[in-house]
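Note sheet for the following structure.
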Amino acid sequence: MARETATMGVRPASMGVPPAEGWGRPAAPSPGVPEPFVGRAAELAALALRLRGPASGGGCRVLLVAGRPGSGRTSLARRFAATAAGDRRVLAVRLSDSDGTPHPPGLVAKRLLSELGEETAALPLPAPEQEEPACARLREALTGRDTLLLLDDVADAGQLRPLLPEEPRCLVLAVAARPLTGLADRFTVDPVILRGIDESAAVDLLTALVGGTRISCDPVAAAELAEACAGRPAPLRLLAGWLRAHPKVAVPEAGAALRAVAEERGTGAGDPLVAALHLRYRALPVAQARLLRMLTLAPGGYGDPRTASALAGCPAPEAVVALQALAEQELLDPAEPTADGTARYRVPGRFHAELVALREQHDRPAALQLARARLLERLIRLVDSARALLDPAVPAPDPLPGPLRLRGAAQARAWLAGERELLLSTAEQALTQGDLDGSVARLVGALLRTLPLTGPGRPGPADAYRLHQLVLELAERQAAPRRAAAALLNLADLRAAAGHWGPAAELYQRAVAHTREPRDDAAAARALEGVGECRRALGEAVRAADAYGRALVLRQHLDDPAAQARLLVRIAEAHAAQRRTAEAVREYRAALALLRRLGDDRGVTAVAATLEKLHSG
């Protein structure tokens, strides 16, 4: 066994640092795989020095660890966070999906707020082209607190900037592929750029992962293997796993196998991580290789037994075994468990592009479509079963296999709350494919019926808006004007409730267009009244009166006297705002007559009092 160095130890997760996954529950380490940390003494010292140095301005300090995928940047950041946290509260979140898609700052802010115990469902809907309210709320929540934010897979400065508070006690440790520009005007940004670990540390890593005997028997070959991997921890770990899987193979053969794969693929002296991945992939059993490819279809690259068994079309126990085996071989990263405690794994971003290429090479389009359809159907059944558990009046759907079931209302509520974002992302991702619209519509419908059962204010305005946007896209794609109009009305109502009068008016007007063929007077009247309310709020009395008048004609055709009275009052108010007193009095009197006929004493009193003020004025 190699000597124990000052920078060699256990995985930082065991030292109290939460995983950089964004969900706040510790990730289980890969079973049976040692997780040493070697080298990087200079980088750790550089981070410590930057932390002790003076900060410019009054904002938080931002330390940046930058390096290529597979350089060990996340491990280094977690290691440093474990020693630098002190009394700070540590919050960890990942800012990009496995495929590199960056998460919107508002979504990241909501996850961090949830970790702080803040309720996010009631946050207002963000206005178009304006900052997400969650970002402002996060900065406010971090003010006055000693916190360390471990932000992994940062895409760019624009994604990071809205999250940073003007709080000197807040330390931000960001992890990215390259230095971030665009922050230095407000925040001190001290980058540490990672390259490969030195030869001694690389040999230490191989020794810890493979065992001392084989490495010490041929230290020259071990050094050559470290050089072939450019000192990058990820390919070194993959080669170490390959050696563990071939206990009778000597170290030089690992280097030869790596070179052979690189030459066969034509990568030559290119990325050793790609060659190491293919070497490990080729040794997988067929079922495990297929599951690994299929997990690239999962939103965010996350897979648990429920989603993995659906994507692979296998029983849940087989999926559990395969997921564990892939994690042991470091082809999947252990992630935080689901809200109900189910183990979960993540496709590493460093492998995602190559696994997608393998998927396109080995899997027919029809097979991929079937896998995505199975995933959607699995999620629909889970949401429906959660609804039945939360509302005893709802008939229970056909039960899922035992290991996949939600057991009890508390577990169903926790699962829906924890998986809400992935459920929404699944529907949005499937909609972009355009080939499973029926399943997407059923999933969206199930969420609209079920999320309100999880608690007051659920779904929040932002989630409701996303769901109704999906309904609208589906309806317009399927040429279903009635459903499109209903979705537009819901979207407009959400905008109006947030005080976004201009965007709301545009949505109401779009809804009117969808009520013409086939004709739907009731929806058109509601939309026109909405237009009038928005124009009234914007101080556009003439345009408001016009919209109210068109809605009044439709309500008269529908013989809806209560709505007619309401609209007459609105028209009268618009006239009064223009100092057209005679016209206002006329409309108020017409409304008063209708209200008397309806027996609405409260309405009669209010309108009569308004008329009296007009006469006396």
Counting heavy atoms not belonging to [X], are there more than 12 under 6.0 Å from its [atom1]?
| X | atom1 | result |
| --- | --- | --- |
| R195 | CZ | no |
| E199 | CD | no |
| E227 | CD | no |

Identify whether the distance between the nearest side-chain nitrogen and carboxylate oxygen of [X] and [Y] falls below 4.0 Å.
| X | Y | result |
| --- | --- | --- |
| D463 | R458 | no |
| R350 | D333 | yes |
| R79 | E43 | no |
| R178 | D156 | no |
| R372 | D435 | yes |
| R94 | D152 | yes |

Self-check item: R293 to Y281 six-membered ring, cation-pi geometry met (6.0 Å, 45°)
Solution: no
Side-chain donor or acceptor of [X] paired with backbone N/O of [Y] under 3.5 Å:
| X | Y | answer |
| --- | --- | --- |
| S98 | G300 | yes |
| R280 | L239 | no |
| R378 | R306 | yes |
| R145 | A141 | yes |
| R61 | R50 | yes |
| Q429 | L297 | yes |
| R88 | A84 | yes |
| E330 | G241 | no |
| D198 | A201 | yes |
| T450 | L447 | no |

Quiz item: Between R111 and H103, is a side chain to side chain donor-acceptor pair (under 3.5 Å) present by the stated rule, with each step listed?
Solution: CA-CA 11 Å; R111 291 174 179 167; H103 298 166; 3.0 Å; yes
Under 3.5 Å, is there a donor on one side chain and an acceptor on the other for [X] and [Y]?
| X | Y | result |
| --- | --- | --- |
| D304 | T307 | yes |
| S425 | E421 | yes |
| R89 | T147 | no |

Ignoring hydrogens, what is the shortest heavy-atom contact between [X] and [Y]? Give both atom names and the distance.
| X | Y | result |
| --- | --- | --- |
| A226 | L236 | CA-CD2, 3.8 Å |
| K110 | A462 | NZ-CB, 3.4 Å |
| L173 | V65 | CD1-CG2, 4.1 Å |
| L423 | L443 | O-CD2, 4.1 Å |
| A46 | V192 | CB-CG2, 4.1 Å |
| P461 | A121 | CD-O, 3.2 Å |

Quiz prompt | side chain to side chain donor-acceptor pair (under 3.5 Å) between T454 and R413, worked out | solution = CA-CA 6 Å; T454 59; R413 188 175 289 105; over 6 Å; no
Quiz item: Which of these, E131, E132, E166, sits in a salt bridge (charged side-chain N to carboxylate O under 4.0 Å, His left out) with R139?
Solution: E131
